[in-house]
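In what follows, a single structure is set out as structure tokens and then discussed.
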There are 4 protein chains.
Amino acid sequence: MKKNKSNRKRIWDAAKKQTIVQAVIRVLTEHGFERITMDRVAAEAGIAKGTLYLYFKDKDELLAAVLEFSLEPLVRKLDELIQSDLPPDRKIEYIAQRYLKYFEENRDFYRILLLERVRRSYHCHVAENIRYKDYLEAVAGIIQEGIAKNLFKPLDAVKVAAMLIESCVALLYHRMFWPGTTPVEEDARMLAQIFFHGMHREVSAA
Amino acid sequence: MKKNKSNRKRIWDAAKKQTIVQAVIRVLTEHGFERITMDRVAAEAGIAKGTLYLYFKDKDELLAAVLEFSLEPLVRKLDELIQSDLPPDRKIEYIAQRYLKYFEENRDFYRILLLERVRRSYHCHVAENIRYKDYLEAVAGIIQEGIAKNLFKPLDAVKVAAMLIESCVALLYHRMFWPGTTPVEEDARMLAQIFFHGMHREVSAA
Amino acid sequence: MKKNKSNRKRIWDAAKKQTIVQAVIRVLTEHGFERITMDRVAAEAGIAKGTLYLYFKDKDELLAAVLEFSLEPLVRKLDELIQSDLPPDRKIEYIAQRYLKYFEENRDFYRILLLERVRRSYHCHVAENIRYKDYLEAVAGIIQEGIAKNLFKPLDAVKVAAMLIESCVALLYHRMFWPGTTPVEEDARMLAQIFFHGMHREVSAA
Amino acid sequence: MKKNKSNRKRIWDAAKKQTIVQAVIRVLTEHGFERITMDRVAAEAGIAKGTLYLYFKDKDELLAAVLEFSLEPLVRKLDELIQSDLPPDRKIEYIAQRYLKYFEENRDFYRILLLERVRRSYHCHVAENIRYKDYLEAVAGIIQEGIAKNLFKPLDAVKVAAMLIESCVALLYHRMFWPGTTPVEEDARMLAQIFFHGMHREVSAA
DNA sequence: CATGAATGAGGATTCATTCAT
DNA sequence: TATGAATGAATCCTCATTCAT
């Protein structure tokens, strides 16, 4: 009985939190990061300002939840890929593809979220950003696998993973601020090409 | 005569501005971006609050000056390299090296500057951030040169440049948050290796 | 039910606003117009500075409310007179009387309100000051009526109304800065005498 | 010798003061009362800020001088009239005429000066404003003369003078804010008509 | 005499957080 | 659990005045 109730409560709680987080996202998207005030969030969520504090200790906790929440769908998609049994190079290319696509679909919001990623990386040391670390490690794992399989040269997997991710972000920026017509797939392929085969012309025919 | 005086004044002025900018940097480094207040800056600079406004119209202008000022040494160093007549791939490797080294030397400050780079990219569209754009174009130019010389495969030079820069930043982050003993040169070499020859083991001619 | 609550709230709100406005008036009376600061007002009202902003968007709105509020009693009294069916000349004399009396009763405050009247007339074109315009038009209406009834000579009613009002203000000033013992009624009568019969000795039918 | 020098000095001094006062007037006219800052005045006068304080003790003294100075031409013109040997009623009509004309010619500036007149009347008790008092007394003198000559009814000359002046101001306002085509002379005549003969239709022909 | 850099008190406004209901 | 009025510290900016040169 009690279990049930507390369960119900937990669900209710999560629902409320989600409502609030989504309100923050709307405020963020419409007004920009600096304009996120507890007032606006409460108004947007249709609840009282004080209520926010029943669900989140303070503003920082709320913003952390936003970050967490908004990366959720992407993380899930990427997890699928990571778990799959594609060969490492394919995996990486597809991850990049999904990554770019996801951002493409949430352009407005993500422009600011990216910002937030780096922004917060100051306040709370990047290493503490679980999501990022997880992601980084997952990609590093894939690379490590490739190395183990003698597919890749022996490299510092984590560093390469970071480079891959940031290169992806670079393409992202490019797509965002100079939106062109290049399909996501093509950019992902280019990324893969460079990272796997390098920019150098194959001197081959020598 | 008058020229002289106005010249002297201009120099004085620049010195004062520099003093203030350096105070900002100290505040920034010690307290973080959000804690930069005009009061704190004035206190740190050892001048009155009002005096700040004699040298900078408002906070925004002051912060812009900080950005400008603190990138100066790096920009100068990179410019030298860019102007040099090294082959494109060497140029890029050295640029990465310098870049990493510069950050290494100004670790605390730069962590926040990076932040600022992205932060401002929100306010003022990345395309309008002259510094970044200049830098991006310079690197793209080098790549284009490499392509023209048949050294590199035909690629979108700007995108690749962005990827290079961000990969550099990735290494930077890595160095910053997981400071290890890898020398800067080695990281730069790895970056070059991957971008020029790829991660794939050469199965080839074995 | 809900109506009730919102009604109650509105009443409460109005009461709070009134409290604040009265605090402003006290500050105004005691320290003068230039010394009205949000700090002082809050202190005088016994509330926090921030609270002011719950009831008034900004200082301007607060000052506008003060003006509105403090003219209220006078406006009501004058309206009664204006609506009455006294003959035009009587009406005008009584209006002047009431006017002078009202000021007499709120001497300290009114000295500054007069000021404010002119002061605002700079910021917001006199023609846009509803109160003044209304009042001016009401008096002009009375005069027009007198003209229509062949009681007054054909004159520009608005101009004469303005003259009447300002003459009233002149007497006001006189009473304020050289306070004497002349009763209000006498001054009002003099005003009426002059405006209706002129200063000239009737040489005539003697 | 010394006398000479000190004389020269005094002239020089007056000239400087005038320069400054005129700068204030320009600032006042162009930017409005609230925007008169010592900085702006100094800049407009083409001198250093500190220099202002060599000629005027503080801002208040400077503003007082502005008031004084700007009424000068009007005062001179009115003095001529006052000294003339016209009959009292003519004098008054002409004074009104000159008054209105003067304002008509300096519309922009005067709109603000009027404001200032009342504005300052709070800070420094109207009775202390020499100019106004002088003017008031002069007009009162004329009226007294009229009374003595049995031309006017026995009235409180000062009060009537104040009413006359303010009525004049009323017409002024009217002209300023609803600028029409009525010539100054006509308004002055109307003023005289009313004050001397009253608004009442002469029942005469009875 | 003249300068103008420096001052710092003072003002308006915002907003995260608390707490009585 | 929910509310939302109240708080007041914190922030940016202005400007009259002083004083060393």
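So you know, we letter chains A, B, ... as the sequences are listed, proteins then strands, and number each from 1. Computed from heavy atoms alone, side chains included, the values below leave out hydrogens, waters and symmetry copies. Worth saying up front: this structure is predicted, and the values here are computed from it rather than measured.
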* What distance do A/D58 atom CG and A/M38 atom CE have between them, rounded to the nearest 0.5 Å? ->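 Result: 7.5 Å between the selected atoms.
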
* Asked: Measuring from C/R10:CZ to C/D13:CG, what's the distance to the nearest 0.5 Å?
  ->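 Here the interatomic distance stands at 9.5 Å.
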
* Structure fact -> Readout for nucleotides 15-21 of chain F: B = base within 4.0 Å of protein heavy atom, S = sugar-phosphate only, - = neither; 5' to 3' it is SBBB---

How many whole angstroms separate atom [atom1] of [X] from atom [atom2] of [N]?
X: A/F56; N: E/dA16; atom1: CZ; atom2: P; value: 15 Å
X: D/L52; N: E/dA5; atom1: CG; atom2: C1'; value: 15 Å
X: B/H31; N: F/dA10; atom1: NE2; atom2: C1'; value: 15 Å
X: A/W12; N: F/dT1; atom1: CH2; atom2: C1'; value: 11 Å
X: C/Y55; N: E/dT13; atom1: OH; atom2: P; value: 18 Å
X: A/I47; N: F/dT1; atom1: CD1; atom2: P; value: 13 Å

* Dot-bracket encoding of pairs in DNA chain F, which uses [ ] for pseudoknotted crossings and | for another strand, Watson-Crick or G-U under 3.5 angstrom -> .||||||||||||||||||||

* Asked: Under 4.5 Å between any side-chain heavy atoms of B/V66 and B/I36, yes or no?
  ->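 No; the side chains remain at least 4.5 Å from each other.
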
* Hey, does B/F69 have a side-chain heavy atom less than 4.5 Å from the side chain of B/V24? ->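 Side chain of B/V24 against side chain of B/F69, heavy atoms only: no contact under 4.5 Å found.
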
* With sequence neighbours excluded, tell me which residues meet side-chain contact (heavy atoms from CB on, under 4.5 Å) with B/F56. =>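 If we apply the side-chain contact (heavy atoms from CB on, under 4.5 Å) test to B/F56, skipping adjacent residues, the hits are B/K17, B/I20, B/V21, B/E61, B/L62, B/A65.
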
* **Nearest-angstrom distance, P atom, E/dC1 to F/dT21** =>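 Pairwise P distance, E/dC1 against F/dT21, rounds to 23 Å.
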
What donor-acceptor contacts under 3.5 angstrom involve side-chain atoms of residues 40-52 of chain A, with partners at least two apart or in another chain?
unit_1: A/R40; atom_1: NE; unit_2: A/R35; atom_2: O; d: 2.8
unit_1: A/E44; atom_1: OE2; unit_2: A/R26; atom_2: NE; d: 2.6
unit_1: A/K49; atom_1: NZ; unit_2: A/D39; atom_2: OD1; d: 3.2
unit_1: A/K49; atom_1: NZ; unit_2: A/D39; atom_2: OD2; d: 3.3
unit_1: A/T51; atom_1: OG1; unit_2: A/A48; atom_2: O; d: 3.4

* To do: Give me the residues of residues 15-22 of chain D where at least one heavy atom lies under 4.0 Å from an atom of DNA chain F, by number, or none.
  =>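 Under 4.0 Å from DNA chain F: no residue of residues 15-22 of chain D.
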
